[in-house]
Every structure is written in C-alpha cells, then in structure tokens.
Amino acid sequence: MRGRSMENASADNAADVIIVGGGLMGASAAFFLRKRGRSVILLERGLIGQQASGTNFGNVRRQGRYLTQLPLAHRSREIWSRLPELIGEDCEFVPSGHLRVCFTQEQAGRLENYAHDAKAYGLELEILSANALRSRFPYVGHEAIAGSYAPLDGHANPRLTAPAFGRAARREGASVEENAEVLSIGKVGEDFHVETRDRGTFRAPTILVTSGAWAGAMSSRFGEPVPLVARGPQMGVTEPLPYRIAPVLGVSSPLDLETVYLRQVTRGNIVFGGGNRGPVDLEACRAYVDPENTLNQMPQLRRLLPGIAAVRIIRVWSGVESYLPDDLPIMGPSEKVSGLFYAFGFCGAGFQVGPAVGDVMAELIDTGRTSLPIDAYRIGRFAQQKAA
C-alpha cells in the first residue's frame, strides 16, 4: 500500500484521496482506488446512493449513446457482468436487452445509421422491420414501424447499486463517512483540507469531486465554473403484473431522444419514465414530480405498450440530476489546481457508465493517465467556449 495507510487515515482523518460525493461514481471510485492500494475517505452529505444514483430509471444501455462514449460504456458493461465476483452482489442486473422503436420513417433511418456507425465502435445492434418487431416482441404497439435491438444491454436496480459499491469499498478498507456534509474545501501546502458539518476536518493531497448537481458550485470555488443545470427526471411504477417484458423498451423521437421508456422487473412491476424534466431545489436536496408530465406520459406509454392502458400506477418520483449544454460529462483533472479531479454532470445517462467512471478515475489518480480517451470530457472546454 502506498501513501497513508487506512489505519493512520482513520486516526488523523487523513488519506491519499478524499472523494466528495457518495453516488455511484464516488462509491465505485472508492472501491477501485482501494483495489489499487490507495487510502480513501469517501464523504457523503446524506446516505450513499441517496440522490441521482438511487432515483434514476436503472437503464444499463449502450445503445443510443454518443459514439465516442461507447468505449467507456463497454468498459462499464464488462464490470456490470462481474459485479457478484467484484462486490459480492448482482444489484439485480439483468442483461435482458434494450429495444428502441420508432414511429416515423425518418427515425427509422436514424436508427439504421446509428447501428452502422456503432458497429465500428464494437456495438452490435439488430435492426428489426415492423413484421420482425411484432413477431419477436408482440406486446409492442402496432404503430411501431421499426426497432433497434441491443441484446446485451439491460437494466439494474439503482437503489441497490451505489450502496453495494459503498459496502464493498468499506470492506476493502475505505473510510466511508455518511451524513458528512462538506462545508468548505481549501488547499494548505500539499494537502486539501475538507471541513464538514459535525464530523471534523479531513486531509488528503488528492480530491475527487463526484457530487453531481452540487459539483458545479465546488468547481466554481476553484475558478472553474461550468454551465451546469439541475433538473428532475419524471418516473413512476405500476402495480405488479405477470412477468412478460424482458428488454428495456424505449421510443425514439425525431431528435433521437427517448421520449418515453419502460422496463419490467422480475417481481412484475413496470418502471417508466420520460418527458419533460421537473424542478429541483438544491438547497433542500429535493426534486419534484410534475403531475402534468405524468399525465402526458400515459398516451405515449399506451402507444408503445397497449397492454399498459388499464394498469394502476402505484408511485411516482423524481431525483436531482445534472445536465450540461453539450450532453457530455466532466471527467478528469482540474486545469487550475493540482491534485483536484472531477467526475460529474452525466446528463441523465450516468448509471450505466458509473462503475467504469469509478474505475477510470481510480486509474487516472493512481497512474496519471487512462487507458480510455476522456479528453472530450475535460472541464476546460467550457472556458474555451466562453473565450471564443
């Protein structure tokens, strides 16, 4: 083990790395850093996985991602398949497939073009005609004219995943501090000093900020403001039904966005989401459901899955997510402060890549480089755009 040992870290609140934010990115980074022998303190304001990492839809999809993000998604998919051996839990990951359907010829062409281009990045997709779609997935609405099927994508339980990585990190020796709200971060000499409410001050030469929608305020304090916007995705779940729908289903709009999506868990409930994103309150750490959006989802869900028409909804919810104008996250080192690293702003699509984000950031912090390209995610791109 290099640097400070965890025994000494717990004694003087010091470690090689402090991670601020205990979502899936932070918890997985803590786990992979411990695997590399780095002492780690993970600080979370509430409970591990309580915010976006635990309230999202649970999509484990590569289909539909920006092509340049597929190497990261592939690395994460490999980790998802090894969760039981890595962290001792499967987090209800089911490689059930991911099916995107469309209702217009224009979008059918987009699906075909994406499948062609994605093949060069190692993602094999199957384009289905209307007849093939109805033959293989007879529950899909008759208005669908084509589909794109990713057989190795799937879904998992977001309420289980980040806490499972947090427990695994703790078993590996990380100090996982919940209910540790960060009040300030400053650099004194070679070390960052992180002051928390009621939990004292922690020290480390390296900081990784993975605090989601709250990370923009932290980067601004270090002179690296970003145009981060917080929004709340709108989701719901139905009463349990006989299990029938294996793949995640989504509808692609002319803008190449899924306007509505759903998945059925093996217990029978159908989880769904889509439409407009609702308001959030960062001070209160709350996101709010927009009832009008839920009503607007209903005809879209029936169009995709007619059998859902008479099913009762038993719960709706939202969560605090962060979005950037180019729909790409921020990953990598600070361009102004040595020892400072970021991984946040995953624009509502971070759950699938979360384990690989932790792995890649641990690699970067440990070795100074990454085996995957992440330059497109550098925080300095926004400063350059502003200057231009």
Side-chain angles (χ1 to χ4, degrees), residues 57-78 80-81 94-155 233 244-264 272-275 297 299-308 325-329 346-353 356 372-373 376:
F57 174 69
N59 223 346
V60 182
R61 67 168 177 89
R62 291 169 294 169
Q63 176 169 215
R65 291 189 177 275
Y66 287 109
L67 297 174
T68 55
Q69 201 177 71
L70 284 176
L72 183 67
H74 292 330
R75 183 161 173 170
S76 207
R77 176 59 180 81
E78 190 272 335
W80 279 103
S81 69
V94 181
S96 56
H98 181 273
L99 175 65
R100 303 183 83 182
V101 304
C102 58
F103 302 108
T104 69
Q105 290 293 343
E106 178 186 6
Q107 188 57 21
R110 289 176 181 266
L111 289 180
E112 291 180 2
N113 290 338
Y114 181 84
H116 176 271
D117 294 341
K119 189 173 183 179
Y121 286 83
L123 178 61
E124 295 285 345
L125 301 173
E126 185 177 352
I127 297 298
L128 303 174
S129 66
N131 288 338
L133 191 62
R134 273 180 275 284
S135 175
R136 291 180 60 177
F137 307 103
Y139 39 75
V140 172
H142 69 276
E143 294 182 61
I145 65 170
S148 175
Y149 182 56
L152 299 181
D153 286 356
H155 57 89
R244 184 184 179 193
I245 304 166
V248 177
L249 303 181
V251 176
S252 296
S253 77
L255 297 177
D256 203 29
L257 300 171
E258 290 187 314
T259 57
V260 69
Y261 40 84
L262 62 88
R263 64 184 179 94
Q264 187 175 28
F272 63 89
Q297 287 173 329
Q300 296 185 65
L301 288 168
R302 289 194 296 269
R303 191 184 190 193
L304 172 63
L305 189 70
I308 206 172
D326 57 6
D327 285 331
L328 295 176
F346 286 85
C347 305
F351 185 63
Q352 192 276 343
V353 297
L372 289 179

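With sequence neighbours excluded, the residues that form a side-chain contact (heavy atoms from CB on, under 4.5 Å) with R302 are M298, P299, I308, A309. Partners of Q63 under the side-chain hydrogen bond (donor to acceptor under 3.5 Å, both in side chains) rule, at least two apart in sequence or in another chain, are H98, S148. For L123, the side-chain contact (heavy atoms from CB on, under 4.5 Å) partners two or more places apart in sequence, or in a different chain, are R62, L70, H74, Y114, A118, L125. Applying the side-chain contact (heavy atoms from CB on, under 4.5 Å) rule to A349 yields the partners R61, R65; only residues at least two apart in sequence or on another chain are considered. Applying the side-chain hydrogen bond (donor to acceptor under 3.5 Å, both in side chains) rule to E112 yields no partners; only residues at least two apart in sequence or on another chain are considered.
Residues P247 and F137 share a closest heavy-atom pair of CG-CE2, 3.8 Å. The minimum heavy-atom distance linking L372 with R75 is given by the pair CD1-CD, 3.4 Å. Minimum interatomic distance between P329 and Q69 (heavy atoms only, all atoms of both residues): CD-NE2, 3.7 Å. Residue A144 comes nearest to A130 through the heavy atom pair O-CB, 4.0 Å, listed as atom of the first residue, atom of the second, then distance. The two residues Y121 and P71 have their closest heavy-atom pair at CD2-CD, 4.4 Å.
Here CG of L328 is found 10.5 Å from CZ of F346. Values are rounded to the nearest 0.5 Å. Y139 OH to I245 CD1: the interatomic distance, rounded to the nearest 0.5 Å, is 6.0 Å. Put simply, CZ on F272 and CG on L304 are 12.0 Å apart, with the number rounded to the nearest 0.5 Å. Rounding to the nearest 0.5 Å places CG of D326 at 7.5 Å from OH of Y66.
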Exercise. Which is it for V251 and Q300 under the side chain to side chain contact (heavy atoms under 4.5 Å, CB included) test, yes or no, and what are the steps along the way?
Worked result: CA-CA 9 Å; V251 176; Q300 296 185 65; 6.0 Å; no
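The side-chain contact (heavy atoms from CB on, under 4.5 Å) test with V101 singles out one residue from L249, L133, L111, I145, and that residue is L133.
A heavy-atom distance below 4.5 Å is found between the side chains of R110 and Q107. Contact of the N59 side chain with the F351 side chain is not registered, since no non-hydrogen atoms from C-beta on lie closer than 4.5 Å.
Between the side chain of Q264 and the backbone N or O of R244 there is at least one donor-acceptor pair closer than 3.5 Å. Between the R263 side chain and the F57 main chain, a donor and an acceptor come within less than 3.5 Å of each other. A donor-acceptor pair under 3.5 Å links the side-chain atoms of R77 to the main chain of L152, judged by distance alone. The backbone N or O of Q352 sits less than 3.5 Å from a side-chain atom of S76, completing a donor-acceptor pair. Using a distance-only test at 3.5 Å, with no hydrogens or angles considered, no donor-acceptor pair links the side chain of R303 to the main chain of G141.
Applying the salt bridge (Lys or Arg N to Asp or Glu O under 4.0 Å) rule to pairs touching residues 115-126 yields E126-R136, sequence neighbours excluded.
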